[in-house]
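Below, each value reflects all heavy atoms present in this structure, side chains not excepted, and no hydrogens, waters or symmetry copies.
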Amino acid sequence: VNNMTSFYCRWASVLLLLIVICSPAAAEEANIAVVNLQRAIQTTHEGLRAQEALRRVHEHFQRQLDQRQEQLREIQALLQRPGLTVERRRELEARYRVKNTELNEIYAQFQRELEHRERETVQQMLPRLQEIVEQLRRERQLSIVIDTSSGGVVGRDLQTTVDITEDVVRRYNERWP
């Protein structure tokens with residue numbers, strides 16, 4: 001879910017540019033709201049279920065990594081023993097390299113799997129969230145809704161803005177329990 005940051009940064013930058021371009025008088029008249037889509041994704045029922053699924057995947061891969069690390073420690077302990085023949089040392093070093101490669105491959109697979117699942121979740125949820133944001137924008141006659149996920153709203157007096165994140169989460173959960 002956190003891999004969405006660059007997408008949000010670009011989106012927020014475009015929206016901020018629109019605000020900066022507006023004259024101060026026009027900005028005062030504008031009806032502006034903010035939403036934190038990243039928080040919305042993380043707090044919807046679907047987002048919470050996705051986080052739980054990711055936690056289970058993480059635990060599964062962590063067990064595999066722990067097993068491989070233990071195997072590496074055992075081989076290291078054997079390599080520390082005095083009196084190893086050259087042949088035995090080479091055999092253990094080769095085994096260590098194979099196990100270390102396996103560990104690195106499992107870790108890379110783990111990273112890819114997590115990124116894939118996060119991307120799937122975001123790709124499924126983001127259009128729905130955007131639809132709800134647009135509905136709220138129309139209903140409340142908002143001029144603009146700024147996504148604050150990337151922390152891009154800096155240097156503007158947005159005290160008169162309304163945060164619609166909780167409304168977005170509530171509607172999302174109603175439509176997609």
Joint hydrophobic cluster, Ile41 plus Val169, side-chain heavy atoms closer than 4.5 Å: no

Any side-chain heavy atom of Arg119 sitting closer than 4.5 Å to one from Val122? no

Does any non-hydrogen side-chain atom of Asn31 lie less than 4.5 Å from one of Arg140? no

Under 3.5 Å donor-acceptor pairs involving side-chain atoms of residues 78-90, not counting sequence neighbours:
| residue | atom | partner | partner atom | Å |
| --- | --- | --- | --- | --- |
| Thr85 | OG1 | Arg88 | N | 3.0 |
| Arg88 | NH1 | Glu91 | OE2 | 2.6 |
| Arg89 | NH2 | Leu79 | O | 3.3 |

So does Arg95 pair up with Glu74, basic N to acidic O under 4.0 Å? no

Where the side chain of Asn173 meets the backbone of Thr44, is there a donor-acceptor pair that is under 3.5 Å apart? no

Within one Ile-Leu-Val-Met-Phe-Trp-Tyr cluster: Leu126 and Leu48, side-chain cutoff 4.5 Å: no

For residues Arg138 and Gln141, determine if any side-chain heavy atom of one lies less than 4.5 Å from a side-chain heavy atom of the other. no

For residues Ser149 and Asn36, is any side-chain donor paired with an opposing acceptor at under 3.5 Å? yes

Separation between CD1 (Ile164) and CD (Gln135), nearest 0.5 Å, reads 11.0 Å

Option from Gln64, Gln62, Arg63 for which side-chain hydrogen bond (donor to acceptor under 3.5 Å, both in side chains) with Asp66 holds: Gln62

Any heavy-atom pair between the side chains of Leu129 and Val168 that's under 4.5 Å? yes

Go through the steps to decide whether Arg56 and Glu59 satisfy the test salt bridge (charged side-chain N to carboxylate O under 4.0 Å, His left out), and finish with yes or no. CA-CA 5 Å; Arg56 287 192 303 272; Glu59 288 175 354; over 6 Å; no

Could you give the distance from CE (Met125) to CG (Leu37), rounded to the nearest 0.5 Å? 10.0 Å

Please name the pair of heavy atoms, one in Ile32 and one in Leu142, separated by the smallest distance, quoted to 0.1 Å. C-CD2, 4.5 Å

Quick one: CD on Glu139 to CG on Asp167, what's the gap to the nearest 0.5 Å? 9.5 Å

For the CG atom of Asn100 and the CD atom of Gln76, what is their distance to the nearest 0.5 Å? 9.0 Å

Which pair of non-hydrogen atoms, one from Leu92 and one from Ile75, has the smallest distance, and what is that distance? O-CG2, 3.5 Å

Using the salt bridge (charged side-chain N to carboxylate O under 4.0 Å, His left out) rule, take Glu166 and Arg39 through it: C-alpha gap first, then chi angles, then the decisive distance, then the call. CA-CA 9 Å; Glu166 293 304 317; Arg39 189 178 80 206; 3.6 Å; yes

Is the ring centre of His60 less than 6.0 Å from the ring centre of Phe110? no

For Arg128, is there an ion pair with Glu131 - N to carboxylate O distance below 4.0 angstrom? no

Which heavy atom in Gln42 sits nearest to a heavy atom in Gln51, and how many Å separate them? O-NE2, 2.7 Å

State the CD-NE2 distance between Glu174 and His45, to the nearest 0.5 angstrom. 9.0 Å

How far apart are the C-alpha atoms of Arg49 and Glu46, what are their side-chain angles, what is the distance that settles it, and do they pass the salt bridge (charged side-chain N to carboxylate O under 4.0 Å, His left out) test? CA-CA 5 Å; Arg49 285 191 302 271; Glu46 185 174 358; 5.1 Å; no

Under the side chain to side chain donor-acceptor pair (under 3.5 Å) rule, what pairs show up with a residue in residues 101-112, not counting sequence neighbours? Arg68-Glu102

Would you call Val145 and Leu136 a side-chain contact if the rule is heavy atoms closer than 4.5 Å? no

For Leu54 against Leu114, the heavy-atom pair lying closest together: CD2-CD2, 3.5 Å

